[in-house]
Amino acid sequence: MKSLPNLPLIAFCILLPSQFLLAQDTTDYTTSAGTSPVPGIIGLLVALLMIVAMWKVFVKAGQPGWASIIPIYNLYVWCKIVGRPGWWIILMLIPFVNIIVGIVLCIDMAKSFGKGAGFGIGLAFLGIIFLPILGFGSAQYLGAAAVEVAQGTPIPLPPPESA
């Protein structure tokens, strides 16, 4: 019961905003006019680019383009494109496992379009660059890479381009 008289002091410290406990003022009056809309516009443009690129990739693979904008369904269609079973969506919902599964799906996506594993790693880590290359470039869908690897048939790669 000796700590009961300290209760009002403890309540006061908890309810007191932290800025009053600091020795300096944390208010920045120079930006009180508002923030710039430029980062938001750039973000929307990047999002639009990624949506259109994914739409093009889906259409190249013979799937409906609108499927790229439906949140969970696009993962299912992506699994179909690369030849993985649809239950891999469940793996994409498990933390840390989804990172590995996403990288595997990106590598399979690259191989399905005749690209190498390095391009697939690029899709996984720099998708903002590699997905538009895949969507707007000359890459053609060759078939589900994961199914061909499981059956033991080699994936036909396009002939090397002459310089």
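All residue numbers refer to positions in the sequence shown, counting from 1.
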>> For a side-chain contact (heavy atoms from CB on, under 4.5 Å) check, start with the C-alpha distance between Leu91 and Ile94, then their side-chain angles and the critical distance, and finish with the verdict.
In response: CA-CA 5 Å; Leu91 296 177; Ile94 302 170; 4.2 Å; yes
Ring-ring centroid check Trp87 Tyr76, cutoff 6.0 Å: no
Could you check whether any side-chain N or O of Ser112 sits under 3.5 Å from a backbone N or O of Ala144, counting only pairs where one atom can act as donor and the other as acceptor?
no
Find out whether Ile69 and Met54 are in side-chain contact, i.e. whether some heavy atom of one side chain is under 4.5 Å from a heavy atom of the other.
no
Looking only at heavy atoms, the pair that brings Gly120 and Cys106 closest together is O-CB, 3.4 Å
Interatomic distance, CG@Asn74 vs CH2@Trp55, rounded to 0.5 Å, equals 12.0 Å
Looking only at heavy atoms, the pair that brings Phe58 and Gly65 closest together is CB-CA, 4.3 Å
Cluster link Ile70 to Ile89, ILVMFWY, side chain under 4.5 Å: yes
Output for pair (Ile72 CD1, Leu93 CG), nearest 0.5 Å, gives 6.0 Å
(Q) Would the distance check show the side chain of Tyr141 and the main-chain N or O of Gly114 forming a donor-acceptor pair, the cut-off being under 3.5 Å? (A) no
Once the angle between the rings of Trp66 and Tyr73 is folded into 0 to 90°, is it parallel (under 30°), tilted (30 to 60°) or perpendicular (over 60°)? parallel
dist Leu123:CG -> Asp108:CG (nearest 0.5 Å) comes out at 11.0 Å
Q. Checking side-chain contact (heavy atoms from CB on, under 4.5 Å) for the pair Leu49/Phe136: CA distance, chi angles, key distance, verdict?
A. CA-CA 11 Å; Leu49 172 71; Phe136 298 116; 4.0 Å; yes
- Query: If only atom types and distance count, is the side chain of Lys115 paired as donor or acceptor with the main-chain N or O of Ala139 below 3.5 Å?
  - Reply: no
> Going by heavy atoms in the side chains, are Ile107 and Ile121 under 4.5 Å from each other?
Replying inline: yes
Neighbour count above 12 (heavy atom, 6.0 Å) for Lys56 NZ: no
Quiz item: Are the side chains of Met92 and Val97 in touch, meaning some heavy atoms are under 4.5 Å apart?
Solution: no
### Query
Same cluster or not: are Leu105 and Leu126 linked, directly or through other Ile, Leu, Val, Met, Phe, Trp or Tyr residues, by side-chain heavy atoms under 4.5 angstrom apart?
yes
Heavy-atom nearest pair, Pro132 first then Gly127, reads CD-O, 3.6 Å
Less than 4.5 Å apart, side chain to side chain, heavy atoms only: is that true for Ile133 and Ile129?
yes
Co-membership, hydrophobic cluster, residues Phe119 and Ile128, 4.5 Å side-chain
yes
Between Ala117 and Lys111, the two heavy atoms sitting closest are CB-CE, 4.4 Å
Please answer: with hydrophobic residues joined when any side-chain heavy atoms are less than 4.5 Å apart, are Val59 and Met109 in the same cluster? yes
Quick check: do Ile81 and Gln63 have side-chain heavy atoms less than 4.5 Å from each other?
yes
Heavy-atom check, side chain of Trp78 versus side chain of Val57, under 4.5 Å = no
Would a hydrophobic clustering, with Ile, Leu, Val, Met, Phe, Trp and Tyr connected at side-chain separations under 4.5 Å, put Phe125 with Phe130? no
**Q.** pair Phe113-Lys60: side-chain heavy atoms closer than 4.5 Å
**A.** yes
Nearest heavy-atom approach of Ser68 to Ile51 is OG-O, 4.2 Å
